[in-house]
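Read the structure below first, then the notes.
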Amino acid sequence: MKKMASKKPKFLFVTGGVVSSIGKGIISASLGSLLESRGMKVTVMKLDPYINLDPGTMSPFQHGEVFVTEDGTETDLDLGHYERYVSTTTGKHSNYTAGKIYETVIAKERRGDYLGATVQVIPHVTDEIKKSIVKGSQGYDITIVEVGGTVGDIESLPFIEAIRQMGIYKDGYEVAYVHLTLVPYIKASAEIKTKPTQHSVRELRAIGIQPDALVCRSELPLPKEHFDKIALFTNVDKNAVISAHDAEDIYQIPLILRDQGLDDIIVEKLKLDVPKADLTPWQNVFKASKESDSKVKIAMVGKYVDFKDSYISLSEALRHAGFKNKKNVEIAYVESEDIQKNGTDCLSKMDAILIPGGFGDRGIEGMIQSIEYARKNSIPFLGICLGMQAAVIEYARNVLGHNDANSTEFNQDTSSPVIAMITEWMNEDGSTENRDETSELGGTMRLGAQECLLKEGTKAKKIYDAESVIERHRHRYEFNNTYLEELQKDGLIFSGFSKDGLAEMIEIDDHPWFIACQFHPEFTSSPLRGHPLFQSFIKAAVEYSKKN
Ligand code: GLN
């Protein structure tokens, strides 16, 4: 592999215009995959203009999934896209919110670090943003920085100003800017409209940033004359106007961008001397998604199903497993409260049932009913986090006869607290921390990657084909080991434990595929690698579909 021309740190800033939710995260991640395939060590960061310190306490209905990184940071779901497209592991320096930046600035002011100066957005807040960006870039050849929100928002201004400054006062680095806009198609007049893009770039240029490339989100490929027009009005080279039309699959996007030479434009701007992109692995993923034949139907019985982004890593992990099994995975999102009201009939056409993670007692009984249905009818079942806790409750109630079994999260007075909060925690430094139901919600969870030791002779061990696995956590409650012996005696197999003896995985023997885990395997699945647990689950669903 050729050496890069200069050792200066490289930054690629991705901004968005016109409207939000047009896929800035996926475009940033795809750019990452393109640059990685050109031999570079890439990381991707997200700057979020909202005031929350992190998305950990935000409702999944508002903000979608909370993605948990290996080091246990609760982050924006876009970091999930980054890890699915790029082989990097993100962490606490990969996601900065305005709240986090201001928290640091205010702490410094209180300490007297600013030596009596009037603390202002420029330069103090913008300096802190720049420092955070540089911190997140350590150890990488190139850092892609996605700026949340749309250009013109009041909240995002300090971030845009900071990235502008990084382009002017380069402090030893090379910088490129990509702007993502929407090019709407007006059905009534059958016309493609470039005006919003013109305005959005004008707004960006008014702040002082001239984009090096424009990625235009549109329903259909942009007609030739529109490239010329956009280029003319935005001062962007015609070849650097890229059509990001609706893809057949989100994993086709790196191919669409590469085919129009977007990576070449960035490589040139950043003065890189790197080989051409080898996108064979992505071509194979796209091929697998296209060649997947008949469907398997998976019911995802959860409580945030009306907003699909709440389960995005999970839905993607199921699709990745589908690619590996050459099957199209169709996910039926079932509201668990509907099962409570109308019963389990809607599950009868499903090839497998999955209960995802969640918080709070709404819909729990519907999940327990669905688990009972899967267990009794030999339908493949996967429980994740809350899904495992609900599976333990179901087993304790319906097999052991502890009718009142519950988690103390849902009933503090249950006579059988099979899931409970551990009130005294030992921190890594040996100090202890006391928690109870009233502890602050932010930052009181078992979070991040931990080792799970797998038990000999179990399905889990066979699937992972390893002594132990590292998986990510995000929960407050645990299986209560007081009930371990009793449940084991009555047939529930505990197939994985943490090093300090917390139950991590359960399974049932006389069932084709009934496995649940306390961790979130979906956070480590990627389209290139897949994930053994999901692959095996989908395989079981395929087998079930053949028989039924
Ligand atoms: N609410 C449960 C807990 O806090 C499960 C959390 C989850 O599913 N992520 O333990």
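Ligands are counted one by one from 1 in listed order, and the atoms in each one are counted from 1 as well. Treat the numbers as computed from the prediction; the structure is a model and nothing was measured. Positions are given from 1, in the same order as the sequence printed here.
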Q: Please confirm whether L386 comes within less than 3.5 Å of ligand 1 when only nitrogen or oxygen atoms on both sides are compared.
A: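 N/O-N/O distance below 3.5 Å exists for this pair.
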(Q) If we set the cut-off at 4.0 Å for heavy atoms, which region of E478 has an atom near ligand 1: side chain, backbone, both, or neither? (A)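 Answer for E478: neither.
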Q. Relative to ligand 1, is H475 under 4.0 angstrom through side chain, backbone, both or neither, heavy atoms considered?
A. both
**Q.** Residues in side-chain contact (heavy atoms from CB on, under 4.5 Å) contact with H93, at least two apart in sequence or another chain
**A.** Y96, K135
**Q.** Non-neighbouring partners of T143 that pass side-chain contact (heavy atoms from CB on, under 4.5 Å), sequence neighbours left out
**A.** F11, T43, M45, S137, Y140, V145
Suppose we measure from [atom] to each protein heavy atom; which comes out shortest, and what is that distance?
atom                   : value
atom 4 (O) of ligand 1 : R476 N, 2.9 Å
atom 7 (C) of ligand 1 : C385 SG, 3.0 Å
atom 9 (N) of ligand 1 : R474 O, 2.8 Å

Q) For the ring pair H320 and Y251, is the centre-to-centre distance below 6.0 Å? A)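 They qualify: ring centres under 6.0 Å apart.
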Q | Identity of the nearest option to atom 5 (C) of ligand 1, non-hydrogen atoms only, from P356, G358, A420, G302 | A | G358
**Q.** Residue of the set F381, Y395, Y544, Y373 for which ring pair (Phe, Tyr, Trp, His ring centres under 6.0 Å) holds with F514
**A.** F381
**Q.** Proximal ligand 1 atoms for Y477, defined as those under 4.0 Å from one of its heavy atoms
**A.**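 Atoms satisfying the 4.0 Å criterion: 3 (C), 4 (O), 10 (O).
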Q.
Can you name the atoms of ligand 1, numbered from 1 with element, that are less than 4.0 Å from a heavy atom of E409?
A. 1 (N), 2 (C), 3 (C)
Q) Is it true that H520 lies under 4.0 Å from ligand 1, counting heavy atoms only? A)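 For ligand 1, residue contact (heavy atoms, under 4.0 Å) with H520 is present.
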Q. Should the pair W513 and F537 be assigned to parallel (<30°), tilted (30 to 60°) or perpendicular (>60°) ring geometry?
A.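 The rings of W513 and F537 sit tilted, inter-plane angle from 30° to 60°.
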Q: Would you please classify the geometry between the F494 ring and the F479 ring as parallel, tilted or perpendicular, with 30° and 60° separating the classes?
A: tilted
Q. Under a 4.5 Å cut-off applied to non-hydrogen side-chain atoms, are R362 and E337 in contact?
A.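 The answer is yes, as the side chains (C-beta and beyond) meet within the 4.5 Å cut-off.
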